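Below is one structure, written out as structure tokens; the observations come after it.
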Amino acid sequence: MRRPLISGNWKMNLNHYEAITIVQKLVYTIPNETYETVDVSVHPPFTDIRSVQTVIEADSLDIFLGAQHCHWDDHGAYTGEISPVFLAKLDVDYVVCGHSERRELFGETDEMVAAKVEAILRHEMLPIMCVGETLDEREAGVTEDKVLAQVRAGLADRSAEQVASLVIAYEPIWAIGTGRTATADDAQAVCAAIRSVVSTDWGSDAGAAVRIQYGGSVKSGNTTELMAMPDIDGALVGGASLDADEFARIVQFAAG
Ligand code: 13P
């Protein structure tokens, strides 16, 4: 049985004071027993991670610590970049990689994403690898071609055990921050296609185990419908995760 994972991607929002406040608010808003059926991660900006880690550790919170991206090398002359070694040292659990904003705005290629997936796993963290199509691609009918090619490229050299352990986030680019959500049936169809490719390329055990999130305008109002889909195992939430009450409701609805 796959445990649902609800992840809050805060993007470039919330300074470290605001981050601490929101985590504390989540703690008293989400009942303890919720964590028995759902995993929750938060992905603050890099400058907040140490503060959030301190709160999580001091209070032994059941929230997983996440990052929004990292470099693939451990050290070196990469001004402005963050090493996976640093994230592992901060007890980061999940690292988002290949987010469409990184791909589209910062030129990340499938090869870079594959290198990041390898680096994140090497340092014993779990990747949340994002894939998704543009509106033009959807309208041209090439959604699955695009998404499945991204899955194959990003996970190319990974073992079946590695693929079984990680998370793939299907985020149609046209649904991110737009208020437009893929219908639950459309999202399910793409997530099922992703699982099928994983089963074909890495074996049925990996296909059955890999967790697939949906992302793109997820709110408390559409969580139940999305989570009812057999191949959707959680959500990567942007805007709605900036409001502790709304994010807590999403977590609660995902817990069922
Ligand atoms: P929104 O939930 O704001 O659409 O963002 C989705 C996303 O990009 C999460 O990574």
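Counting starts at 1 for both ligands and their atoms, following the listed order. Numbers here are sequence positions counted from 1. Given the structure is predicted, the values throughout are model-derived calculations rather than measurements.
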Inset, instruction - Work out whether the distance between some heavy atom of Gly215 and some atom of ligand 1 is less than 4.0 Å. - result: no

Legend entry - Sub-4.0 Å heavy-atom approach of Ser217 to ligand 1: yes

Inset, instruction - List the closest protein heavy-atom neighbour of atom 5 (O) of ligand 1: residue, atom name, distance to the nearest 0.1 Å. - result: Lys11 NZ, 3.2 Å

Inset, instruction - Find all atoms of ligand 1 within a distance of less than 4.0 Å from any non-hydrogen atom belonging to Gly216, and give their numbers and elements. - result: 4 (O), 6 (C)

Legend entry - Gln150, Arg152, Arg103 screened by side-chain hydrogen bond (donor to acceptor under 3.5 Å, both in side chains) with Asp110, the one that passes: Arg103

Inset, instruction - Considering only non-hydrogen protein atoms, determine which one is nearest to atom 2 (O) of ligand 1 and report residue, atom name and distance to 0.1 Å. - result: Gly238 N, 2.9 Å

Inset, instruction - Quick one: do Asp59 and Val27 satisfy side chain to side chain contact (heavy atoms under 4.5 Å, CB included)? Show the steps, please. - result: CA-CA 10 Å; Asp59 297 336; Val27 171; over 6 Å; no

Legend entry - Nearest non-hydrogen protein atom, atom 3 (O) of ligand 1: Gly239 N, 2.8 Å

Inset, instruction - Decide yes or no on side chain to side chain donor-acceptor pair (under 3.5 Å) for Glu171 and Ser100, but give the supporting numbers first. - result: CA-CA 8 Å; Glu171 296 207 305; Ser100 60; 5.0 Å; no

Legend entry - Numbered atoms and elements of ligand 1 in range of Gly177, under 4.0 angstrom, heavy atoms: 1 (P), 3 (O), 4 (O)

Inset, instruction - Any chance you could lay out the side chain to side chain contact (heavy atoms under 4.5 Å, CB included) test for Gln68 and Asn9, step after step, and finish with the verdict? - result: CA-CA 7 Å; Gln68 298 176 16; Asn9 175 10; 3.6 Å; yes

Legend entry - Nearest protein heavy atom with distance in Å, relative to atom 7 (C) of ligand 1: Glu171 OE2, 3.1 Å

Inset, instruction - Apply side chain to side chain contact (heavy atoms under 4.5 Å, CB included) to the pair Arg122 and Asp74, showing each step before the final yes or no. - result: CA-CA 10 Å; Arg122 179 159 37 85; Asp74 290 359; 3.1 Å; yes

Legend entry - Per-residue contact class, Asn9 against ligand 1 - non-hydrogen pairs under 4.0 Å: side chain

Inset, instruction - Before giving the answer on side chain to side chain donor-acceptor pair (under 3.5 Å), spell out for Arg50 and Gln53 the whole-Å C-alpha distance, their side-chain angles and the decisive distance to 0.1 Å. - result: CA-CA 5 Å; Arg50 174 70 174 137; Gln53 182 228 11; 2.4 Å; yes

Inset, instruction - Check whether any heavy atom of Ala175 sits under 4.0 Å from an atom of ligand 1. - result: yes

Legend entry - Separation of Glu225 CD from Thr181 OG1 (nearest 0.5 Å): 9.0 Å

